[in-house]
Visitor: 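One structure follows; several queries about it will come next.
The analysis underlying the following values was restricted to heavy atoms, covering all of them including side chains, and did not include hydrogens, waters or symmetry mates. In what follows, every chain begins at residue 1, and chains take the letters A, B, ... in the order their sequences are listed.
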Amino acid sequence: MDAKELIARRVALELHDRTLVNLGIGLPTLVSRYVPHGITVAFQSENGIIGFGAPPPNGMEDPHLTDAGGGFISALPGAASFDSSTSFALIRGGHLDMTVLGGLQVDAAGHLANWMVPGKLVPGMGGAMDLVVGAKRVIVAMQHAAKGQPKIVATLTLPPTAIRPVSLIVTEMAVIEPTPEGLLLRERAPGVSVADIIAQTGADLLIIGEVPEMPVAIPNEDAA
Amino acid sequence: MDAKELIARRVALELHDRTLVNLGIGLPTLVSRYVPHGITVAFQSENGIIGFGAPPPNGMEDPHLTDAGGGFISALPGAASFDSSTSFALIRGGHLDMTVLGGLQVDAAGHLANWMVPGKLVPGMGGAMDLVVGAKRVIVAMQHAAKGQPKIVATLTLPPTAIRPVSLIVTEMAVIEPTPEGLLLRERAPGVSVADIIAQTGADLLIIGEVPEMPVAIPNEDAA
Amino acid sequence: MRIAISAADAAALIPDGASVMIGGFMGVGSPDRIIDALVARRVRGLTVIGNDTAFPGVGIGKLIDAGCVAQAKLSHIGTNPVTQNKMIAGEIEIDLIPQGTLAERIRAGGNGLGGILTPTGVGTVVEKGKRIIEVEGRAFLLELPLRADFALIRSRESDYNCNLTYRLTAMNFNPLMAFAADCVIAEPDEIVPVGVIPPDAVRTPGILVHHLVERPR
Amino acid sequence: MRIAISAADAAALIPDGASVMIGGFMGVGSPDRIIDALVARRVRGLTVIGNDTAFPGVGIGKLIDAGCVAQAKLSHIGTNPVTQNKMIAGEIEIDLIPQGTLAERIRAGGNGLGGILTPTGVGTVVEKGKRIIEVEGRAFLLELPLRADFALIRSRESDYNCNLTYRLTAMNFNPLMAFAADCVIAEPDEIVPVGVIPPDAVRTPGILVHHLVERPR
C-alpha cells in the first residue's frame with residue numbers, strides 16, 4: 001500500500017452516515033474509493049453538484065458534468081445541481097459536514113497553508129479558504145514530509161489558508177489532532193514508531209500513553 | 001371614466017416596449033389593462049414571476065400561481081418563476097425598468113410615503129422600499145387628495161418609504177414630475193384647470209408655459 | 001433516505017417559544033398541514049419569521065388567530081386585521097422588515113455571511129439602531145443575518161432523499177429558509193422515488209432537510 | 001423576442017479594454033464560440049472576471065494564450081501554466097479571490113447590494129486593504145460588489161424570450177453573472193420556441209439578456 005492509498009483509507013474511517021462531504025482535488029479524491037460499507041455519504045463538488053459518482057464508462061462522458069478539477073464524473077440517482085453561490089452557501093453556511101483537503105504546511109496551532117508558495121507556486125485558493133472557514137470538520141490529508149522537510153511545523157512559513165485550526169491531520173505516518181494544548185499524536189501508521197514520527201515532525205507533539213496503530217478502511221467496490 | 005381608470009390609462013402611456021414592470025397592489029394593477037398596442041411589457045410580481053397574465057377562467061385557478069396580493073393569475077408563454085431573493089435581485093439590482101406604486105403622500109422633493117400612518121394604519125412596507133430604491137423609474141399612481149386633504153404636500157408628515165425621489169406622479173387631476181427645482185406640473189386632466197390643481201395641491205408647483213391636457217391610453221383587449 | 005413523519009409528529013418537534021421560519025407568500029406555498037397541526041397542539045409563544053400573515057384563517061394567519069405567536073418578523077401585515085389588532089393590543093410584537101431585506105437576511109443566515117449592505121431603508125425608520133456603512137460615498141444599512149430554530153418548508157415534490165421542487169409563485173421564501181434553520185421540516189405535496197426529479201430541477205438539495213412530512217392522505 | 005446574432009457579431013460588440021465576466025468552471029459552461037470569436041478578432045486589454053483560466057487551449061485559457069487579457073480576477077490559476085508564466089512575467093495582472101467570495105461579490109453586484117460580510121479570508125493576505133467589520137464579536141471582511149461591462153453566458157437552452165436553462169455543473173457562475181453586467185450576451189446550445197421551457201425550469205429570466213448568439217450550425 002503506497003502512502004497516498006494509506007492516507008485515503010485512514011481518512012475514509014472519518015466518514016459518517018448521512019453526511020455531506022467535499023473532497024479536494026488530488027489525494028483527497030481517493031477517499032471516495034474507501035467509503036465503509038453500510039455508510040451513505042453524499043459528496044459535494046464545489047462546481048455545483050451533490051451526489052456525484054465514479055467517472056463514466058468510456059464514451060459516456062457528459063461535457064456538462066465534471067468535478068472541480070475538470071474531470072468527468074457521473075451523477076448518482078438523487079443528485080442535485082446548483083450554481084456557485086448555492087454551492088458556497090452549503091460550504092460557508094455550515095451545511096457541509098466534512099472536507100478533506102491537501103496541505104503544504106500545518107502549524108502547531110493547527111493552521112493550514114495550502115494555496116501558495118510565494119515566488120514559486122501561485123495556484124490560487126480556489127474554494128479552500130471557504131472550505132476551511134465553513135466546513136464542520138476540516139481534515140488535512142497530506143504526506144508527512146516533502147523533500148525531507150517536515151510539513152508539520154512550529155509556525156507557518158507559507159501564507160495561511162484561514163485562521164481557523166483544522167480538525168485532523170492524516171499522513172502516511174500518523175494521525176494528529178490539533179487541540180488547544182497542542183498537536184496530539186493519536187495514531188501511528190503500521191510499522192512506524194513514535195520516535196520516527198517525532199523525527200519527521202517540525203512541531204512538538206503531545207503524546208498521551210500508548211499510541212495505537214492506525215486502522216484503515218478496506219476498498220469498497222460499490223463506492224465512487 | 002372614474003378617477004382610478006383615468007389614472008391607470010395615463011400611467012399606461014409610460015410603458016415602453018421590451019421592459020420589465022412591477023405594478024403595486026390596488027390601483028396600479030389596473031394599468032395592465034391598458035398596455036398600448038404594439039408594445040410588449042413583461043410584468044413582474046415580486047412573489048416570484050415574470051410574465052403573468054389575466055386571472056384564469058373560472059375553475060382554472062392554480063393555487064401555486066397568484067400575484068403579490070394573493071389573487072389568482074395566469075402565466076403567459078415564456079414566463080419565468082423564481083424565489084424571493086432573485087425577485088429582489090431584479091428589483092434592487094436595477095433590472096426593473098419601472099414600478100407603479102400607490103401613495104399616501106408625496107412631498108415637494110418627490111419623496112414618497114406609502115406604507116404606514118402612525119397610530120392608525122400599519123400595513124408594513126412589503127416590497128415598496130426596495131421598489132422605490134431599485135426600480136429605474138418609480139411612478140406614483142394615486143388620487144390627488146384624500147378626504148379633502150392634499151396628498152401632495154410641502155413636507156411629508158408620514159414616514160417616508162425611501163429618500164430617493166420618485167420619477168412621476170399621476171393623479172386624476174394632473175401629471176407632476178419631481179425635479180431638482182421642484183414639482184413640475186406637466187399635464188392637467190381633461191376639464192381640470194391649472195387653478196383647480198393648485199387649489200388641491202399642498203406644495204408649490206412649477207408651471208412653465210401652457211400646461212397640456214393629459215392623453216390617455218385606450219383599453220387593450222389583448223392585455224392582461 | 002429518511003422516514004416520512006406525520007404532520008402531528010412534525011408539530012410535536014417544535015416546542016413552545018421556538019423561533020420558526022415559515023415559507024409562503026399570502027399563504028401560497030405555506031406548509032398548511034404543519035400549521036394546522038401546530039394549531040391543534042396549541043403551541044404557544046412562537047417567534048415567526050415569514051413574509052406576511054396572509055388573511056385570517058389562511059397560512060400563518062391561522063397561527064395568529066389561534067394565539068400561537070408572541071413575536072413576528074414580517075414584511076407586511078396589511079391584509080390581516082387580526083394581526084394588526086393583536087399588535088395594537090400588545091399581544092404580538094411585530095418587527096416589520098422590507099421584503100428584499102428580509103430575503104437577504106434569511107439568505108445571509110443560511111449562507112454563513114455576517115451581514116449584507118443594502119440601500120433599502122436608508123433615511124427611513126428602518127435604519128433605526130442599525131450601522132450605516134459608506135461604500136464609495138453611498139450610504140448602506142448593515143443588515144444582519146436571520147436564523148431560526150426551525151424552518152417549515154412547503155414543496156411541490158420531494159424524493160426519498162428530500163430533494164425538493166417548488167411550483168411557480170409557491171416557491172418564494174421556501175428555498176431560502178431551508179438553509180437558515182437548525183432543523184428543517186419539509187411538507188411536500190408528493191413524494192417520489194429517488195431519480196424521478198432530475199438534478200437540474202432540484203431547488204433545495206435534500207441534504208438540508210432534517211424531517212419530511214408524509215404525503216397528504 | 002430578439003434577433004439571434006452570430007458569435008462574430010457578439011465579439012464585435014466588445015471593445016478592447018472592456019471588463020468581461022465569463023461563465024464556466026475549468027472551461028465547463030464557458031461560452032466557447034464567443035471566446036473563439038474574440039480570439040479571432042484579436043481583442044486586446046480585456047479585464048476578465050471568472051472562476052479560473054482552465055487549461056491552455058480551453059475556455060478562458062484561449063484568451064490567455066492569444067494575449068487578449070490584461071487583467072483577471074479569478075479564484076485559481078493552478079491548472080494553467082501559461083497564466084502563471086504571464087503573471088510572473090508581468091504581462092497579466094491577476095487578482096486572486098476566494099471562490100465563495102467571488103460568487104458573492106458578483107451576486108452583490110447584480111443585486112444592488114453595497115457589499116457582503118464574509119468570514120472567508122480573515123487573517124490571510126485576502127484581507128489586505130479591506131475593511132474588517134465586527135458583528136457580535138466576530139470579525140468579517142467587507143467584500144465589495146463586482147460588475148462588468150459585459151457578461152458572456154453559456155446556457156443549455158434559450159427560448160425566443162432569452163429565458164435560459166443550464167445543465168448540471170455547467171451552470172456554475174453563469175446565472176450570477178447574468179445579473180451583474182451592463183450588457184449580457186448568452187450563447188445557448190439550443191434555441192427553442194417560447195413556451196417550451198416551463199417557468200420553473202428557467203434559471204435566468206430572459207429580461208436580463210441583451211443579445212443572444214445563434215445556435216451552433
Side-chain angles (χ1 to χ4, degrees), chain B residues 25-26 45-52 62-75 79-94 111-113 115-116 118-134 156 158-164, chain C residues 23-29 32 51-55 58-59 74-80 83-84 87-88 94-108 111 118-127 139 154 156 166-177 189 203-204:
Chain B
I25 298 172
S45 187
E46 65 263 31
N47 53 331
I49 191 164
I50 288 175
F52 67 88
D62 179 347
H64 304 91
L65 182 54
T66 60
D67 62 22
F72 292 116
I73 52 176
S74 59
S81 52
F82 34 79
D83 69 23
S84 295
S85 76
T86 304
S87 195
F88 282 85
L90 290 164
I91 290 169
R92 205 193 308 95
H111 297 138
L112 171 67
W115 71 279
M116 77 173 290
K120 283 192 180 166
L121 178 74
V122 191
M125 68 293 281
M129 287 189 176
D130 295 285
L131 284 161
V132 176
V133 165
L156 295 182
L158 299 175
T161 304
I163 51 172
R164 179 182 172 209
Chain C
F25 196 114
M26 300 291 280
V28 175
D32 290 319
N51 184 60
D52 56 68
T53 55
F55 309 98
V58 173
L74 309 158
S75 87
H76 74 85
I77 57 174
T79 54
N80 192 326
T83 310
Q84 297 207 34
M87 177 181 72
I88 291 164
I94 303 277
D95 183 11
L96 289 168
I97 301 172
Q99 199 170 119
T101 300
L102 181 63
E104 283 302 308
R105 289 182 64 188
I106 294 168
R107 185 178 177 281
N111 209 302
T118 179
T120 305
V122 171
T124 76
V125 299
V126 169
E127 75 177 28
R154 173 73 172 271
R156 180 72 191 83
Y166 306 96
R167 178 73 58 86
L168 298 165
T169 59
M171 178 161 25
N172 56 71
F173 284 84
N174 283 298
L176 305 174
M177 290 174 171
D189 294 340
R203 293 282 182 155
T204 296

Visitor: Partners of B/D67 by salt bridge (Lys or Arg N to Asp or Glu O under 4.0 Å), sequence neighbours excluded?
Guide: none
Visitor: Using a cut-off of under 4.5 Å for heavy-atom pairs, which of C/G27, C/G123, C/A54, C/G100 has the most such pairs with chain B?
Guide: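 With the most close heavy-atom pairs to chain B, the winner is C/G100.
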Visitor: Less than 4.5 Å to any heavy atom of chain B: does that hold for the side chain of C/L176, its backbone, both, or neither?
Guide: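 Side chain only.
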Visitor: Side chains of C/N51 and B/S84, heavy atoms from C-beta outward: is any pair under 4.5 Å?
Guide: no
Visitor: Please examine the side chains of B/P123 and C/H76, heavy atoms only from C-beta on, and report whether any two atoms are closer than 4.5 Å.
Guide: no
Visitor: Backbone N or O of B/S85 within a donor-acceptor pair of the C/R107 side chain at under 3.5 Å?
Guide: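 Not a single qualifying donor-acceptor pair exists.
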Visitor: Taking all non-hydrogen atoms of both residues, which atom of C/P119 and which atom of B/V133 are closest, and how far apart?
Guide: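 Shortest heavy-atom separation between C/P119 and B/V133 comes out as CG-CG1, 3.5 Å.
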Visitor: Considering non-hydrogen atoms only, spot the tightest contact between B/D130 and C/P98 and give its length.
Guide: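 For B/D130 and C/P98, the tightest heavy-atom pair comes out as OD2-CB, 3.7 Å.
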Visitor: Distance-only, no hydrogens or angles: does the C/T120 side chain make a donor-acceptor pair with backbone N or O of B/M129 under 3.5 Å?
Guide: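 Pair absent, no side-chain N/O of C/T120 close to backbone of B/M129.
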Visitor: Heavy-atom cut-off 4.5 Å, strictly under: side chain, backbone, both or neither for B/P160 against chain C?
Guide: both
Visitor: Quick one: closest heavy-atom pair of B/T66 and C/T169, and the distance?
Guide: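 Between these two residues, the closest heavy atoms are N-OG1, 3.1 Å.
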Visitor: State, to 0.1 Å, how close B/V122 and C/L96 come at their nearest heavy-atom pair, and which atoms those are.
Guide: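 What the structure gives for the nearest pair is CG1-CD1, 3.6 Å.
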Visitor: Which bit of C/T101 is near chain B, if near means a heavy-atom gap under 4.5 Å: side chain, backbone, both or neither?
Guide: both
Visitor: Are C/T118 and B/R92 packed together at the side-chain level, in the sense that at least one heavy-atom pair is separated by less than 4.5 angstrom?
Guide: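 Counting from C-beta outward, C/T118 and B/R92 do come under 4.5 Å.
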Visitor: Considering only heavy atoms, which portion of B/L65 lies under 4.5 Å from any heavy atom of chain C: side chain, backbone, both, or neither?
Guide: both
Visitor: So for C/P175, is it side chain, backbone, both, or neither that comes closer than 4.5 Å to the heavy atoms of chain B?
Guide: side chain
Visitor: Measure distances from C/F55 to the heavy atoms of chain B and classify the residue's part below 4.5 Å as side chain, backbone, both or neither.
Guide: side chain
Visitor: Less than 4.5 Å apart, any side-chain heavy atom of B/F88 and any of C/E104?
Guide: no
Visitor: With a 4.5 angstrom heavy-atom cut-off, could you sort out which part of B/T161 is near chain C: side chain, backbone, both or neither?
Guide: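 Just the backbone, heavy atoms under 4.5 Å.
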Visitor: Tell me, side chain or backbone of C/V126 under 4.5 Å from chain B's heavy atoms, or both, or neither?
Guide: side chain
Visitor: Using non-hydrogen atoms and a 4.5 Å limit, figure out which bit of C/I97 sits close to chain B: side chain, backbone, both or neither.
Guide: backbone
Visitor: So which part of B/A68 gets closer than 4.5 Å to some heavy atom of chain C, the side chain, the backbone, both or neither?
Guide: both
Visitor: Would you please name every residue forming a salt bridge (Lys or Arg N to Asp or Glu O under 4.0 Å) with B/E46, sequence neighbours left out?
Guide: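 Partners of B/E46 under the salt bridge (Lys or Arg N to Asp or Glu O under 4.0 Å) test: none.
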Visitor: Within the structure provided, determine whether C/R203 and B/D83 are in side-chain contact (heavy-atom separation under 4.5 Å).
Guide: no
Visitor: Checking C/D189 against chain B: side chain, backbone, both or neither under 4.5 Å from a heavy atom?
Guide: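 Only the side chain of C/D189 comes within 4.5 Å of chain B.
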Visitor: Quick one: closest heavy-atom pair of C/V125 and B/P159, and the distance?
Guide: CG1-CB, 4.5 Å
